[in-house]
Amino acid sequence: MLRLEPRPAPSRAWTWASPLLALVITVLIGTLLFVALGKDPVRGLQVFFWEPIKSPYALGELGLKATPLLLIALGLAVCFRSNVWNIGAEGQYIIGAVFAGGVALMATKETGRWIMVAVLLAGMAGGMLWAAIAAFLRDRFNAGEILVTLMLVYVAVQVLGYLVYGPWKDPAGYNFPQTRTFEAVTQIPKLMKGSRVNLGLVLALGGAALLWIFLFRTRAGFAQQVGGLAPAAARYAGFSSRRALWTALLVSGATAGLAGALEVAGPIGQLTPYVPAGYGFAAIIVAFVGRLHPLGMVLSAILMSMFYIGGELAQSRLGLPKSLTGVFQGLLLFTLLASDTLINYRVRAKAG
């Protein structure tokens, strides 16, 4: 008989092995799921894990999907490491897209390429503004940021809906709820000919490098983490827990807003009601599967984008519902939570 025995100290090996075990279990459960749905499990796994990487174009699409996931996860990592639970990055992503779209709509055929920078900065400003609401309510009234950030997602969706169904609706768009297509000058430059992957991927990878330097090589990064996790110790050391709160939420809002700007000025090219894609929620899984470490989040963002692409391919090629993407994401999260037990406990055989 097996039992769990507490470890004298958390296992460093299992800290990194746990996500791999979770992935293996997710694949095994996914195989059984394909069998239960009457589909060839080998073909099903091929759609999820081979099709997204089998060609240069597929790799470009993988990078395109991974970009917003990684950007948002980087900001969330700052929050979670600071003990600030920003669950509403999706709302900050949407408002970032709205602000960026507002600037993009000002462009004309005579506008210079500088407008692209303004679009990205506007997206960051929008995300920061939305996150600042939660920071203010937590700072001033001690309101729980979990509930506030989550509820603001629904407000953001309504703001987007009002604009695309109302004042920003394209009069020549055959009554579809969307803005006019943005001018070409606002489009994010693509990295490869024949691919949709754009400069956003470089920004995301650069952001991961900057976050590593900030968290592990600067006094400010150390103060940020101490200020959130141990306010009393932070005050004793001269660090500000209040500054940690505002920094975490503003950085997270900025990265989520930048992700929204890159989406609407990149592959989407306009504002529509379908801008909310669930990236803000999926990035929470990316952050934790990646252990809140920049390198780990790069890898987990790639994995999560494979789930997105695999879900779309499973719908078109295997006749499965697109919701299969969410099933795989949820499986990965729950198996990770279960596997994390091995960090603090070891499995022992119980005699008798």
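In what follows, every heavy atom counts, from backbone to side chain, and hydrogens, waters and symmetry copies are set aside.
Between Tyr274 and Gln178 the shortest side-chain heavy-atom distance does not fall below 4.5 Å.
There is a side-chain donor-acceptor pair under 3.5 Å between Gln224 and Ser82. Gln92 and Asn86 share a donor-acceptor pair across their side chains, judged by distance under 3.5 Å alone. Side-chain polar atoms of Trp85 and Asn83 form a donor-acceptor pair below 3.5 angstrom.
Residues Leu20 and Leu342 are members of separate hydrophobic clusters, defined by side-chain heavy-atom contacts under 4.5 angstrom among Ile, Leu, Val, Met, Phe, Trp and Tyr. At a threshold of 4.5 Å between side-chain heavy atoms, the hydrophobic network of Ile, Leu, Val, Met, Phe, Trp and Tyr places Leu71 and Val119 in two separate groups. Placement of Trp114 and Val185 within a single hydrophobic cluster is found when ILVMFWY residues are connected by side-chain heavy-atom separations under 4.5 Å, directly or transitively. At a threshold of 4.5 Å between side-chain heavy atoms, the hydrophobic network of Ile, Leu, Val, Met, Phe, Trp and Tyr places Val251 and Leu262 in one connected group.
Sparse packing is recorded around CZ of Phe222, with 12 or fewer heavy atoms of other residues, nucleotides or ligands lying under 6.0 Å away.
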Residue pair Leu70, Val286: steps toward the side chain to side chain contact (heavy atoms under 4.5 Å, CB included) verdict: CA-CA 7 Å; Leu70 177 57; Val286 170; 5.6 Å; no
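Judged by distance alone, the side chain of Arg7 and the main-chain N or O of Tyr345 form a donor-acceptor pair under 3.5 Å. Arg217 contributes no side-chain N or O that, together with a main-chain N or O of Trp212, makes up a donor-acceptor pair within less than 3.5 Å. Side-chain atoms of Thr218 come within 3.5 Å of backbone N or O of Gly221 as a donor-acceptor pair. Distance alone, capped at 3.5 Å, is enough to place a donor-acceptor pair between the Thr149 side chain and the Ile87 backbone. No donor-acceptor pair closer than 3.5 Å links the side chain of Arg180 to the backbone N or O of Ala172. With hydrogens and angles disregarded, a donor-acceptor distance shorter than 3.5 Å links the side chain of Arg81 to the backbone of Leu292. Counting only distance, with no hydrogens or angles, the side chain of Ser305 and the backbone of Ile302 share a donor-acceptor pair below 3.5 Å. A donor-acceptor pair is defined here as one N or O able to donate and one able to accept, closer than 3.5 Å; such a pair exists between the side chain of Thr335 and the backbone of Leu331.
Rounding to the nearest 0.5 Å gives a distance of 11.5 Å between CG of Leu211 and CG of Leu295. From Glu312, atom CD reaches atom NZ of Lys65 across 4.0 Å, with rounding to the nearest 0.5 Å. Here CZ of Phe80 is found 7.5 Å from OG of Ser252. Values are rounded to the nearest 0.5 Å. Annotation: the span from Leu258 atom CG to Glu263 atom CD amounts to 10.5 Å, rounded to 0.5 Å. Rounding to the nearest 0.5 angstrom, the gap separating the CG atom in Leu74 from the CE atom in Met297 is 5.0 Å. The distance from the CE atom of Met304 to the CD1 atom of Ile309 is 13.0 Å, given to the nearest 0.5 Å.
The only option from Asp40, Leu45, Val42 that meets the side chain to side chain contact (heavy atoms under 4.5 Å, CB included) definition with Phe34 turns out to be Leu45.
Using cut-offs of 30° and 60° on the angle between ring planes, the pair Phe307 and Phe328 is tilted.
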